[in-house]
Amino acid sequence: MADTIAAADAARTQLRETLRATAVAFLDSYSAWDIEAILAIRAPDCKHKVLPASLKRPEQGQSNDEHRAYFANIQPLFKGFTGHVKDIAVDVDARAAVVWAYSTSESVIGPYSNEYMLWLKMTEDGTKLIEIREFVDSGYSTGFFGKLRSLSADAAPAAASS
């Protein structure tokens, strides 16, 4: 009996470590700033939701293909994107982790820095993400991406006239 309990404890500890490693790998994939690295950590049917709802992002989230298209648009606008983990809480039974993180980067309009709470739901073995709920600093995001859209809008007429 003691051997069975010890084996179950060891398996649970290993799963906790796997879930934590997958959560860290998620942030590391964005630091690589490469879509293949970002999608490699996701299950084929993964959904990525950006919250809070006040940002008016699609409620159903982005599929991997939709995230690939989104990333193709933003990738050239940022350089040196780096994610930083502040804290991680792992729930083995739920196969989930919550990550408090922030990012830093240079962008075409200047320095970028945002704060996140990431709820990451994973596969049974803890190695792939099946759902991402990314809570961002809505005030900062609205202001920053509003300026970025303005720059893009201003650049479009100039490009059309050249």
In this structure, CE of M122 is separated from CD1 of I132 (nearest 0.5 Å) by 9.5 Å
Common cluster, L55/Y112, ILVMFWY with side-chain heavy-atom separation under 4.5 Å: yes
Any donor-acceptor pair under 3.5 Å linking the side chain of T142 with the backbone of G139? no
So, do F26 and V99 sit near enough that their side-chain heavy atoms are less than 4.5 Å apart? no
For A25 against I41, the heavy-atom pair lying closest together: CB-CD1, 3.7 Å
Taking the six-membered ring for Trp, are the ring centroids of W100 and F135 within less than 6.0 Å of each other? no
If you measure from OG on S105 to CG on L77, what distance do you get to the nearest 0.5 Å? 10.0 Å
Whether the side chain of S107 engages the backbone of I109 through a donor-acceptor N/O pair (distance < 3.5 Å, no angle test) should be reported. yes
Drop me the distance from L120's CG to D91's CG, to the nearest 0.5 angstrom. 12.5 Å
Establish, yes or no, whether a centroid distance under 6.0 Å links the rings of F71 and F78. no
Transitive ILVMFWY side-chain link I38 to V85, under 4.5 Å: yes
Between OG on residue S138 and CZ on residue R57, distance to nearest 0.5 Å: 11.5 Å
Which atom of P52 lies closest to which atom of V136, heavy atoms considered: CD-O, 3.8 Å
Are I130 and I88 linked, directly or through intermediate hydrophobic residues, by side-chain heavy-atom contacts shorter than 4.5 Å (ILVMFWY only)? no
Does one hydrophobic cluster hold both L51 and V98, with members joined at side-chain heavy-atom distances below 4.5 Å? yes
Atom pair CG (D137) and OH (Y116), whose distance is rounded to the nearest 0.5 Å: 9.5 Å
Verify the cluster assignment for Y102 and Y140: are they in a single hydrophobic cluster under the rule of side-chain heavy atoms below 4.5 Å apart? no
Give a yes-or-no answer on whether the side chains of T18 and D125 include a donor-acceptor pair shorter than 3.5 Å. no
So, are D45 and K128 salt-bridged, with charged N and O less than 4.0 Å apart? no
Shortest non-hydrogen contact between A96 and L19, atoms and distance: N-CD2, 4.4 Å
State whether the side chain of K121 and the backbone N or O of A94 hold a donor-acceptor pair below 3.5 Å, judged by distance alone. yes
How far apart are the closest heavy atoms of P76 and N73, and which atoms are they? CD-O, 3.7 Å
Any heavy-atom pair between the side chains of R42 and L39 that's under 4.5 Å? yes
Mind checking whether H67 and H48 have parallel, tilted or perpendicular rings, split at 30° and 60°? parallel
Donor-acceptor side-chain pairing of D65 and S63 below 3.5 angstrom: no
Give a yes or no on whether the backbone of S113 and the side-chain of S103 come within a donor-acceptor separation of less than 3.5 Å. no
Does W33 reach the main-chain N or O of Q75 with its side chain, forming a donor-acceptor pair under 3.5 Å? yes
Pairwise distance CZ(R68) to CD(E36) - rounded to 0.5 angstrom: 4.5 Å
R16 side-chain N/O to V90 backbone N/O, donor-acceptor pair under 3.5 Å: yes
Can any side-chain N or O of R95 pair as donor or acceptor with the backbone N or O of E124 at less than 3.5 Å? yes
If you compare all heavy atoms of A23 against all heavy atoms of A97, which two are closest, and at what distance to 0.1 Å? CB-CB, 4.0 Å
Please report the closest heavy-atom contact between Q62 and E66, naming both atoms and the distance. CA-OE1, 3.3 Å
Would you confirm whether T22, through its side chain, and G126, through its main-chain N or O, come within 3.5 Å as a donor-acceptor pair? yes
